[in-house]
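Both backbone and side-chain heavy atoms feed into the values below; hydrogens, waters and symmetry mates do not.
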Amino acid sequence: MKRASYTELAVTSGMVFIADRCRPDLPSVTNDAERVVEQCLAAYGERRIIYRDSEGEWGELLHTGIQFRGFAPYTDRTPGEVAA
């Protein structure tokens, strides 16, 4: 099974920011959200998971600390805005 490809943009004490690599031969982060959440929880603990989708929009992958539970819009500051 093919899996989404994404890159880590920033990690803070409460959040991890990732971006979909938008590879046409692989599913998007949105379409592979359950697996992406599992990977992020294993790598970063129970941080909020903020992602930039294949359309360039920011969203949040919601989770229970154990598994994916849905999507939410994200309109707060992104890594580039924090650095600016």
Side-chain angles (χ1 to χ4, degrees):
M1 177 179 194
K2 294 185 176 187
R3 298 174 173 209
S5 179
Y6 57 89
T7 188
E8 173 191 296
L9 299 176
V11 179
T12 70
S13 61
M15 293 186 226
V16 59
F17 292 87
I18 62 173
D20 196 316
R21 287 194 175 145
C22 305
R23 291 191 38 191
D25 59 325
L26 298 175
S28 67
V29 167
T30 303
N31 290 332
D32 199 15
E34 285 186 32
R35 192 199 56 83
V36 171
V37 166
E38 285 176 10
Q39 274 194 324
C40 287
L41 289 173
Y44 309 109
E46 293 185 27
R47 290 175 170 90
R48 292 174 65 192
I49 305 166
I50 311 303
Y51 75 109
R52 187 175 61 213
D53 68 15
S54 55
E55 301 295 318
E57 299 294 321
W58 290 96
E60 183 170 0
L61 298 173
L62 302 174
H63 60 82
T64 64
I66 299 170
Q67 65 185 359
F68 172 70
R69 76 161 207 239
F71 300 96
Y74 181 78
T75 58
D76 231 346
R77 293 171 62 151
T78 60
E81 292 171 336
V82 171

From [X] atom [atom1] to [Y] atom [atom2], the distance as rounded to the nearest 0.5 Å:
{"X": "Arg48", "Y": "His63", "atom1": "CZ", "atom2": "NE2", "answer": "9.0 Å"}
{"X": "Ser54", "Y": "Asn31", "atom1": "OG", "atom2": "CG", "answer": "8.0 Å"}
{"X": "Arg21", "Y": "Leu26", "atom1": "CZ", "atom2": "CG", "answer": "10.0 Å"}

Treating Lys2 as the side-chain partner and Asp25 as the backbone partner, does any N or O pair qualify as donor plus acceptor under 3.5 Å?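 Yes; judged by distance alone, with no hydrogens or angles, the pair exists.
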Checking Asp20 side chain against Asp53 main chain: does a donor-acceptor pair fall under 3.5 Å? no
Quick check on the hydrophobic clustering: are [X] and [Y] connected, directly or via other members, by side-chain heavy-atom contacts under 4.5 Å?
{"X": "Trp58", "Y": "Tyr51", "result": "no"}
{"X": "Val36", "Y": "Leu9", "result": "no"}
{"X": "Val29", "Y": "Val11", "result": "yes"}
{"X": "Leu62", "Y": "Ile50", "result": "no"}

Using a cut-off of 6.0 Å, state whether more than 12 heavy atoms not belonging to Glu34 lie near its atom CD. no
Using the side chain to side chain contact (heavy atoms under 4.5 Å, CB included) rule, take Gln67 and Val37 through it: C-alpha gap first, then chi angles, then the decisive distance, then the call. CA-CA 7 Å; Gln67 65 185 359; Val37 166; 6.0 Å; no
Could you check whether any side-chain heavy atom of [X] comes within less than 4.5 Å of a side-chain heavy atom of [Y], counting everything from C-beta outward?
{"X": "Ile18", "Y": "Ile49", "result": "yes"}
{"X": "Phe68", "Y": "Arg35", "result": "no"}
{"X": "Arg52", "Y": "Phe17", "result": "no"}

Donor-acceptor pair between Glu57 and Tyr74 side chains, under 3.5 angstrom: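 Side-chain D/A pair, Glu57 to Tyr74: absent.
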What is the minimum heavy-atom distance between Arg47 and Met15, and which atoms define it? CD-O, 3.7 Å
Heavy-atom closest pair, residues Ser28 and Ala4: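 So the two residues come closest at O-CB, 3.6 Å.
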Evaluate the criterion side chain to side chain contact (heavy atoms under 4.5 Å, CB included) for residue pair Tyr6 and Cys40; output intermediate values, then yes/no. CA-CA 11 Å; Tyr6 57 89; Cys40 287; 3.9 Å; yes
